[in-house]
Amino acid sequence: MNLVAFLNITPYALMYLMAAIINLAAALLIWFYKNKELENYKLAKILFFISLYMFFSALELSAKQDDFRMRMLEFGDLFNGFANLSLFLFVIDYYKPWSWFNRKWRYALLGLMLVNCAITLTNRFHNLFWIEMIPYGSQGDNLSRYAIGPLFHFSNFLYIGLSIVSFILLLREVFKRKGTERRYVVLLTAALALPFIAYLLFSLNDLNLPGVSALPLGYMLSAVFITWIVFNRMQSRIAYQAQGLKDHIASLQREIEHRKELEGKLREVQAEQTAKLARQTNEIAGIYDLILLSAEGLSQKDLLEQAIQKIKKVLSCSAICYCTMNEGQLVLESQIGLRHPVMENIIGNGHLDTLDMSKIGPVVYPNSDDRMPTGLTDLGYLSVMYKYISMENYVGGFLFTLWEQKSSFSAEETNFFNGICESFALILENAHLNQAIMNEAKLEERRRIARDLHDSVTQSLHSLAFSAETASEQAETGSNALGEVLDLIKTSAWQALREMRLLLYELRLMDLENVNLEEAVRVRLDAVEKRAGIRYEIRVSDDFRIPQICSTELYPIVIEALNNSLKHSRSEEIGVYFQEENGQAMIVIRDNGVGFDPAAATNGMGLRNMYERCRKINADLEIESKSGQGTVIRIILPNINGDG
């Protein structure tokens, strides 16, 4: 296609083409670097439609054929209308001046614009907008004017009306906004007004040549100005966001520093709590060890020494001592770490009156309001806690803990010391009670042995004495009954010997923790029955098994049965059998003595104790005996297995 035949590129056409290119470039720049937050990218639509308007206007000014020129005029006017509509919608969407302008109004305005477009594009058929072209200017300018039709002013009024309303709304925003926003609206209004002012000059001025030149120039300046405004606003926004980001980063850094500080403090608190927990665990373990001392069966002296040793370790004090009060004087009972007789020093300096026995809690120096005894400071002790240990029914005393370094004690430390003192008081009181119980047990055992000696050995010895006198009288008279008397003496002597061996054995009873039941019974038979001249037999079946707890209860039952046989049956043989029958563990004690009537002997303490002990372990006790036929005792434990 030969463009020279259709187009005549004039300087005016080049100006419009340049304006089209500049507006298109500005539209593309704004569109591709759009910022949805600012919504400036909507200005790209206005510039795009202006670029099309300028492009078709350039073609109109270059056209040689009238029909082609008229078509380009129609398309140019069409995109001019879309540019004005885009400007109006941008103002409405960006600033939202009218709350009532909803979607229906948009559709109505768009419909009106489409009607105008339809009339514009069909002008060749009805000539309602333009009737004919009228050339003017020089022939080289290739310019034309158009005789207007009856609806031209409708189109012109629609375009100018949209522009004027848009600028009125922009001016309204100028007065409403402040600071940077007002500056932005002013610049935007000025930039958008440039081409429309030029358009007014083109439309209203009779001198068309200045208008033709001013219109593309105004659009070029407007495109450049709008581009600068948009990018300047974007730059300001970026700078604002960058500053906000810097402020946020600074805030985050401050927060990080604050968190680091808090983490450091948290670690310190955690370390303190860990150390405190370890210290409290050590203190609790110390108190526990202290309380366990009372179960070790130590003498009062050893118990006191070990107790204050453990207290010193728990409190980490330099020295510790325990003193009792005797007629108003302190008596040192036990101490660890004292370099001098501290209590004598205190008494010598007249500080005995400062020892308060009435205080419930401990007395603490240097926390106390009272002056610390000079006897302690002279010896190098700068801190002390003491408390009077009160015990019911026993003489109390003072527990002193001393430190060479000066330190103030917290309420927690004084409360812990108070707890230590209370535990110490319990240990001492328990030791006194245990000693009293042991003394009472020894006294009761002596009484029992005395009763047994009186009831058994003493009677046997008296019988021997009477039989010896009778034998002496029989020997003097030459009686034939002398042999019977001597036999009685022999029997009584052997019985006394048996009972004496039994008493000696009871003084050293077997400890079942280290020896099983069968072995303990065997030791008893060797120690007593064998030496008393009684033959014995002991058998243990391979499947005989009983729990250790049952052995502890069965041992006194078996020993009581053996004792009864030794004292009363006058047997020559005895047997103890450990066996199992039909899943039942059984112990059988059998002798060949004189026997007895079990029904008549049930009120005795020995048999009663045997029955009571059997009931404790859910065992049955069976006794078979007849006069002259010996005795059989069965202890039966039902459903006992080897793991019980």
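Summarising the geometry, atom OG belonging to Ser571 is positioned 5.5 Å from atom CG belonging to Asn592; distances are rounded to the nearest 0.5 Å.
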Evaluate side-chain contact (heavy atoms from CB on, under 4.5 Å) for Gln584 paired with Leu637, printing each intermediate quantity in order. CA-CA 6 Å; Gln584 294 180 328; Leu637 289 85; over 6 Å; no
One pair to check against side-chain hydrogen bond (donor to acceptor under 3.5 Å, both in side chains): Asp247 and Gln243. What are the steps and the verdict? CA-CA 6 Å; Asp247 295 340; Gln243 185 61 41; 3.1 Å; yes
Trace of the side-chain hydrogen bond (donor to acceptor under 3.5 Å, both in side chains) decision for Arg522 with Asn516: CA-CA 10 Å; Arg522 190 186 301 276; Asn516 60 30; over 6 Å; no
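Taking 4.0 Å as the cut-off between side-chain N and carboxylate O, Glu529 and Arg535 do not count as a salt-bridged pair. Residues Lys301 and Glu333 are not paired through a salt bridge, judged by the lack of any N-O separation under 4.0 Å between the basic side chain and the carboxylate. Using a 4.0 Å cut-off between charged side-chain N and carboxylate O, Glu612 and Arg615 make a salt bridge.
Around CG of Asn618, the count of heavy atoms belonging to other residues, nucleotides or ligands within 6.0 Å does not exceed 12.
Listed here is the closest heavy atom pair of Ala425 and Ser390: CB-O, 4.3 Å. The nearest pair of heavy atoms linking Phe544 to Ile587 is CZ-CG1, 4.1 Å.
Checked against side chain to side chain donor-acceptor pair (under 3.5 Å), Gln579 has the following partners two or more places apart in sequence or in another chain: Glu581.
In this structure, Thr414 contributes its side chain and Ser410 its backbone to a donor-acceptor pair below 3.5 Å.
Side-chain rings of Phe424 and Tyr322 approach one another, their centers coming within less than 6.0 Å.
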